Number of protein chains: 2
Amino acid sequence: MTDQKTDSSGRPFVVSYLLYLLAAVSHRASAEFHAHARAAGLRVPEWRVLACLMDEDGAMVTRLARLSLMEQSRLTRIVDHMAERGLVSRRSDPEDRRRVRVFLTETGRDLATGLIADAQAHETQILKDLGGEDAERIKPILEALLAQLDPQDDV
Amino acid sequence: MTDQKTDSSGRPFVVSYLLYLLAAVSHRASAEFHAHARAAGLRVPEWRVLACLMDEDGAMVTRLARLSLMEQSRLTRIVDHMAERGLVSRRSDPEDRRRVRVFLTETGRDLATGLIADAQAHETQILKDLGGEDAERIKPILEALLAQLDPQDDV
DNA sequence: CCCTTTTATATGAAATTTCATGTTAAATCC
DNA sequence: GGATTTAACATGAAATTTCATATAAAAGGG
């Protein structure tokens, strides 16, 4: 057991700070799955994009960046790489030629399909370990929090 | 409202995937505070390190990296920068001369103290907006999840 | 004790990410 | 409908991050 509070001030802050707990849980829980994604040949950001595209195939770049929780220029370069690898393809939107829509390729979709199944199994295990009450509540609470934080109407 | 499920498969995955919800909530909620930290002259990783040091001043580099949720070599360089800015100081541990312990300076502690107060106010507001039931439960649930995920005895 | 292994931190070099901005297209305003 | 503003995406250059590994010190064997 590491000494909580070596310093002079009051009680510990960070270990019970909501934003820290969120970051820490996200970080640790995701690390488990990220190892799996990498073993499947994907970088972490690529897995994220692939998963988002399974929800919204053909999303425009800006939207996909928002959904993937990353900055637009970063997403652009990740999509570059994924397109080179044949996981996605780009098509400019005929309705608005500024827009670029990103689509899964067959390969991309197949890869995503398998990983999503694994992700769901992993989630099931986490929730099972967490146990009854808490396991039932966590997702609804997070969804409520996200809705509250999100200025937009959607995720 | 963006169209959920433009693609062919079943129902949406990512928007209700536990690890995505955690990442998204963490990302969005933290963004609000990060703007504040930056306005106070700190980069985001520096704020994280400062906050962790308020809990465990004098932590060794490896421990601080783990607590700050970042890779060791990254932390080393962030600490470099913070030391140059006079926020922290390094002292090698006489008990084990491989170890380097990181301490807050007076400046660092003062800066952290103010930001932590702001962070707590921010958290209070988030929980208030979230409302009763959920607000009471979220931190205990996250703590339970973290304990379960964490191989180590501590955070 | 000496030798081998492990642990703690730092660092070079490559890769990725960020920030600001360029380019092109659509929308808005007179 | 031409001029101006706004939106979408891409990209150069700087900054940061990662990965592998070097260095140094402690621990373990025999």
Side-chain angles (χ1 to χ4, degrees), chain A residues 2 23 27 30-31 34-35 37-39 41-50 52-53 56 58-85 87-103 151-152, chain B residues 2 23 27 30-31 34-35 37-39 41-50 52-53 56 58-85 87-103 151-152:
Chain A
T2 309
H27 182 89
S30 294
H34 289 168
R38 267 191 282 266
L42 284 176
R43 300 171 189 174
V44 169
E46 292 177 344
W47 152 241
R48 291 196 163 136
V49 169
L50 220 49
C52 290
L53 285 174
E56 293 188 28
M60 57 185 275
V61 167
T62 302
R63 166 65 183 160
L64 189 54
R66 177 173 172 74
L67 194 60
S68 308
L69 311 174
M70 55 180 93
E71 197 249 343
Q72 176 261 312
S73 73
R74 171 145 92 116
L75 176 76
T76 289
R77 297 187 224 242
I78 289 165
V79 168
D80 286 347
H81 190 262
M82 295 174 76
E84 283 170 12
R85 279 201 47 191
L87 300 173
V88 300
S89 70
R90 290 188 227 238
R91 303 211 302 262
S92 91
D93 185 334
E95 302 287 291
D96 181 340
R97 299 195 357 269
R98 294 171 301 181
R99 294 184 174 176
V100 171
R101 296 195 171 274
V102 183
F103 293 88
Q152 269 48 240
Chain B
T2 309
H27 182 88
S30 294
H34 289 168
R38 267 191 282 267
L42 284 176
R43 301 172 189 174
V44 169
E46 291 177 344
W47 152 241
R48 292 196 162 136
V49 169
L50 220 50
C52 290
L53 285 173
E56 292 188 28
M60 56 185 277
V61 168
T62 301
R63 165 66 183 159
L64 190 55
R66 177 173 172 75
L67 195 60
S68 305
L69 313 174
M70 54 180 93
E71 196 249 342
Q72 177 262 312
S73 73
R74 171 145 92 118
L75 176 76
T76 290
R77 296 186 224 242
I78 289 164
V79 168
D80 286 348
H81 190 262
M82 294 175 77
E84 282 170 13
R85 279 202 47 191
L87 299 174
V88 301
S89 72
R90 290 189 225 238
R91 304 210 301 262
S92 91
D93 185 335
E95 302 287 292
D96 181 340
R97 300 193 357 269
R98 293 170 301 181
R99 296 183 173 176
V100 171
R101 297 196 170 275
V102 183
F103 293 88
Q152 269 48 238

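Atom set for the values below is all heavy atoms of this structure, side chains included, hydrogens, waters and symmetry mates excluded. So you know, we letter chains A, B, ... as the sequences are listed, proteins then strands, and number each from 1. Everything numeric here is computed off the predicted structure, so don't read it as measured data.
- The distance between atom CZ of B/Arg63 and atom P of C/dT9, rounded to the nearest whole Å, is 12 Å.
- Contact annotation: the side chain of A/Arg98 never approaches that of A/Thr62 to less than 4.5 Å [non-hydrogen atoms, C-beta and beyond].
- The closest side-chain heavy-atom distance from A/Leu75 to A/Val102 is not below 4.5 Å.
- Nearer to the 5' terminus of DNA chain C, by closest-nucleotide assignment, is the contact made by B/Thr62 (compared with the other of B/Thr62 and A/Glu95).
- At least one side-chain heavy atom of A/Gln72 sits less than 4.5 Å from a side-chain heavy atom of A/Val61.
- Across the protein-nucleic acid pair, B/Leu69 atom CG and D/dT17 atom C1' stand 16 Å apart, rounded to whole Å.
- What separates CD of B/Glu84 from P of D/dA15 is a distance of 13 Å, to the nearest Å.
- Note on A/Thr76: every side-chain N or O is 4.0 Å or more away from OP1 and OP2 of D/dC9.
- In terms of polar N and O atoms assigned as donor or acceptor, the side chain of B/Gln72 never comes within less than 3.5 Å of the base of C/dA8 in a complementary pairing.
- Distances shown here put a side-chain N or O of A/Arg97 below 4.0 Å from the OP1 or OP2 atom of C/dA26.
- The nearest heavy atom of DNA chain C to A/Asp93 and to B/Arg99 marks one nucleotide each, and the one closer to the 5' end goes with B/Arg99.
- At whole-Å resolution of the value, CZ in A/Arg74 and P in D/dT16 are 16 Å apart.
- Contact annotation for B/Met60: backbone-only contact, meaning every heavy-atom pair under 4.0 Å involves sugar-phosphate atoms and none involves a base.
- Side-chain to base pairing of B/Arg98 with D/dA24: no donor and acceptor N or O lie closer than 3.5 Å to each other.
- Under 4.0 angstrom from either OP1 or OP2 of D/dT16 there lies at least one side-chain N or O belonging to B/Arg43.
- In this structure, CD of B/Glu71 is placed 13 Å from C1' of C/dA15, rounded to the nearest angstrom.
- Atom pair B/Leu64:CG and C/dA10:P shows a separation of 11 Å (rounding to whole Å applied).
- Atoms NE2 (A/His81) and C1' (C/dA15) sit 11 Å apart, rounded to a whole Å.
- Listed here is the closest heavy atom pair of B/Met60 and B/Arg101: N-NH1, 3.7 Å.
- A/Arg77 contributes a side-chain N or O that forms a donor-acceptor pair with the base of C/dT18 under 3.5 Å.
- Put simply, CZ on B/Arg66 is 13 Å from P on C/dA8, counting in whole angstrom units.
- With hydrogens and angles ignored, a donor-acceptor pair under 3.5 angstrom links the side chain of A/Ser73 to the base of C/dC19.
- Nucleic acid contact for A/Arg101: none, since no nucleic acid atom lies under 4.0 Å from a heavy atom of the residue.
- One distance of note links CH2 of B/Trp47 with NE2 of B/His34; it measures 8.5 Å at 0.5 Å rounding.
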